[in-house]
**Q** 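The structure that follows is given in the form of C-alpha cells.
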Amino acid sequence: MSAVALYARATVGFDERVAHAVAVLQSAATEHAGRIVQATSLGAEDMVITDLIARHGLPVAVATLETGQLHPQTVALIPRIEQRYGLAVEVFRPAQESVIHFVASHGDNAMYESIALRKQCCAIRKLEPLSRMLAGASAWVTGLRREQSDTRAVVPFSESDDKGRTKFNPLADWSWADVWHYIATHDVPFNPLHDEFMPSIGCAPCTRAIAVGEPFRAGRWWWEDEKAKECGLHVKDAPVAEVSMMGAPR
C-alpha cells in the first residue's frame with residue numbers, strides 16, 4: 001500500500017498549520033537573510049519543507065548529508081529536487097580518511113556492537129559534515145515534529161542550538177497525516193521506501209520497516225534502548241555513553 005493511501009488525510013486546522021509553517025519560514029528567511037540553510041534529511045517532512053521554500057520563493061539554501069550509507073532511493077531524491085524545483089542541493093559528505101580509519105579499526109558492522117561505536121559512526125558520517133554545512137550560517141531549518149518520538153514531544157518552532165544558531169522547526173505541530181496530506185495535495189516527491197513501511201529513514205544499516213502499532217522511529221537503531229535513539233544532530237551536548245542494547249544483530 002502506498003504511503004499516501006495509508007497516511008494522508010485532512011485534519012482540522014491543517015490549513016492554519018500550513019500557513020503558520022510558511023510564516024515561520026518567511027520570518028526566518030528575512031531575519032537570517034543569506035545565512036540560513038535547510039538541512040534536509042530527504043525524509044517526508046523535509047520534502048514538504050523544500051516544497052514550501054520553493055513554492056513561496058524563499059531565499060533559504062538547501063543542503064543534505066550524504067553519509068555514504070544511504071539507500072539509493074534516498075540519494076535519488078537529490079536530482080529529483082533539483083529538477084522539480086530548480087533548486088541547487090549542496091551535498092556534504094564525511095571525510096573519507098575518517099571513514100576508512102573507522103571501518104578498518106572497527107569493521108563494517110561496528111554500529112551493532114555498542115552505542116558508543118554507533119554514535120562514533122554517526123559523528124563521522126553526520127555530525128562532522130553537518131558542522132561544515134552550517135559553517136557561517138546563523139540559522140537552519142529541520143523537519144522535527146513533536147509527534148515523532150517522546151524525546152521530541154516538546155520541540156518548539158524555534159530554538160537555539162549548542163553553537164548559538166537558531167534552529168527552526170516549522171512543522172513542529174504537524175501530524176503524520178498532515179505531512180502526507182500536504183504531499184498528496186501538492187504531488188511532492190518522496191522516498192519510495194516510505195511505501196515499504198519505513199516512516200523514518202536514515203542510513204541503510206540502521207533502518208528497517210516497522211510493524212503495525214510500532215512507534216514512528218522504531219525502525220531506527222531498533223536494537224538499542226529507546227532512550228538512545230538519536231544520532232546527535234538534534235541533541236545538545238550529547239555525550240557518547242554506553243546504554244543497554246536490546247537484541248543487537250550479529
Side-chain angles (χ1 to χ4, degrees), residues 4 8 10-11 13-66 74-92 126 129-148 152 155-161 163-191 194 200-201 233-234:
V4 167
T11 58
F14 172 77
D15 290 339
E16 290 79 5
R17 286 189 290 279
V18 172
H20 183 264
V22 172
V24 169
L25 287 168
Q26 288 173 329
S27 177
T30 299
E31 182 180 353
H32 299 274
R35 298 178 298 150
I36 183 169
V37 59
Q38 182 201 3
T40 175
S41 69
L42 305 171
E45 292 92 344
D46 282 307
M47 296 303 294
V48 167
I49 292 172
T50 300
D51 186 90
L52 289 171
I53 289 169
R55 188 172 298 276
H56 295 276
L58 301 178
V60 177
V62 179
T64 194
L65 304 177
E66 211 295 63
T74 302
V75 178
L77 281 168
I78 298 171
R80 288 185 67 189
I81 289 170
E82 295 179 328
Q83 293 162 11
R84 168 70 178 272
Y85 300 113
L87 297 174
V89 180
E90 191 168 6
V91 178
F92 290 82
K126 294 182 177 181
L130 180 72
S131 70
R132 285 185 274 116
M133 178 193 293
L134 300 181
S138 60
W140 51 308
V141 182
T142 84
L144 293 184
R145 295 185 299 110
R146 296 165 189 160
E147 191 186 69
Q148 288 169 339
R152 299 180 178 183
V155 166
F157 291 109
S158 67
E159 58 187 318
S160 292
D161 68 14
K163 303 298 182 184
R165 293 176 294 248
T166 304
K167 181 164 69 171
F168 291 96
N169 312 303
L171 307 189
D173 62 343
W174 284 38
S175 68
W176 192 225
D178 289 337
V179 171
W180 285 96
H181 183 58
Y182 185 95
I183 287 172
T185 301
H186 296 288
D187 191 28
V188 176
F190 65 88
N191 193 327
H194 288 307
S200 180
I201 303 170
L233 292 179
H234 303 295

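The figures that follow rest on heavy atoms only: side chains count, while hydrogens, waters and symmetry mates do not. For clarity, every value in this text was computed on a predicted model and none was experimentally measured.
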**Q** Does D161 use its side chain to pair, donor to acceptor, with the backbone of G164 at less than 3.5 Å?
**A**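 Pair found, side chain donor or acceptor close to backbone of G164.
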**Q** For the CD atom of E45 and the CD1 atom of I183, what is their distance to the nearest 0.5 Å?
**A**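 E45 CD to I183 CD1: 8.0 Å, rounded to 0.5 Å.
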**Q** Nearest 0.5 Å please: distance from the CD atom of E90 over to the CD atom of E66.
**A**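 These two atoms lie 14.0 Å from each other.
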**Q** Determine whether F190 and V4 make a side-chain contact, defined as any pair of heavy atoms from C-beta on separated by less than 4.5 Å.
**A** yes
**Q** Any donor-acceptor pair under 3.5 Å linking the side chain of E159 with the backbone of F168?
**A**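 Side chain of E159 to backbone of F168: no pair is present.
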**Q** Any side-chain donor paired with an acceptor under 3.5 Å for T11 and D178?
**A** yes
**Q** Between CH2 of W174 and CG of N169, what distance do you get to the nearest 0.5 Å?
**A** 13.5 Å
**Q** Looking at F157, does the NZ or CZ of R145 lie under 6.0 angstrom from its six-membered ring centre and within 45 degrees of the ring axis?
**A**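 Output no; distance or angle outside limits.
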**Q** Does any part of the side chain of H186, heavy atoms only, come nearer than 4.5 Å to the side chain of R55, both counted from C-beta?
**A** yes
**Q** Give a yes or no on whether a salt bridge exists between R146 and D173, defined as a side-chain N under 4.0 angstrom from a carboxylate O.
**A**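 No, R146 and D173 are not salt-bridged.
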**Q** Without swapping roles, check the side chain of S27 against the backbone of A23 for a donor-acceptor pair under 3.5 Å.
**A** no
**Q** Which distance, rounded to the nearest 0.5 Å, do you find between the OG1 of T142 and the CG of D46?
**A** 7.0 Å
**Q** Measure the spacing between NZ of K126 and CE of M133 and express it to the nearest 0.5 Å.
**A** 11.5 Å
**Q** Less than 4.5 Å apart, any side-chain heavy atom of K163 and any of L134?
**A**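 In short, these two side chains do not touch, never coming nearer than 4.5 Å.
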**Q** Indicate yes or no: at least one non-hydrogen side-chain atom of V89 is less than 4.5 angstrom from one of L77.
**A** no
**Q** Using distance alone, with no hydrogens and no angle criterion, decide if S200 and Q148 have a side-chain donor and acceptor under 3.5 Å apart.
**A** no
**Q** Before giving the answer on side chain to side chain contact (heavy atoms under 4.5 Å, CB included), spell out for K167 and V141 the whole-Å C-alpha distance, their side-chain angles and the decisive distance to 0.1 Å.
**A** CA-CA 6 Å; K167 181 164 69 171; V141 182; over 6 Å; no
**Q** Within the structure provided, determine whether F92 and L130 are in side-chain contact (heavy-atom separation under 4.5 Å).
**A** no
**Q** Hey, what do you get for OG1 (T74) to CG (L42), rounding to the nearest 0.5 Å?
**A** 6.5 Å
**Q** State, yes or no, whether a side-chain contact exists between I36 and W140 at a heavy-atom distance under 4.5 Å.
**A**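 SC-SC contact between I36 and W140 ruled out.
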**Q** Between V60 and V37, is any pair of side-chain heavy atoms under 4.5 Å apart?
**A**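 Of all side-chain heavy-atom pairs linking V37 with V60, none is under 4.5 Å.
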**Q** Show the numbers, then the answer: is there a side chain to side chain contact (heavy atoms under 4.5 Å, CB included) between L52 and Y182?
**A** CA-CA 10 Å; L52 289 171; Y182 185 95; 3.2 Å; yes
**Q** Can you confirm whether I49 sits close enough to P170 that some side-chain heavy atom of one is under 4.5 Å from a side-chain heavy atom of the other?
**A**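 Contact flag for I49/P170 side chains = yes.
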**Q** T64 side chain to T40 main-chain N or O, any donor-acceptor pair under 3.5 Å?
**A**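 Yes, the answer is positive, given that a donor and an acceptor are paired below the 3.5 Å cut-off.
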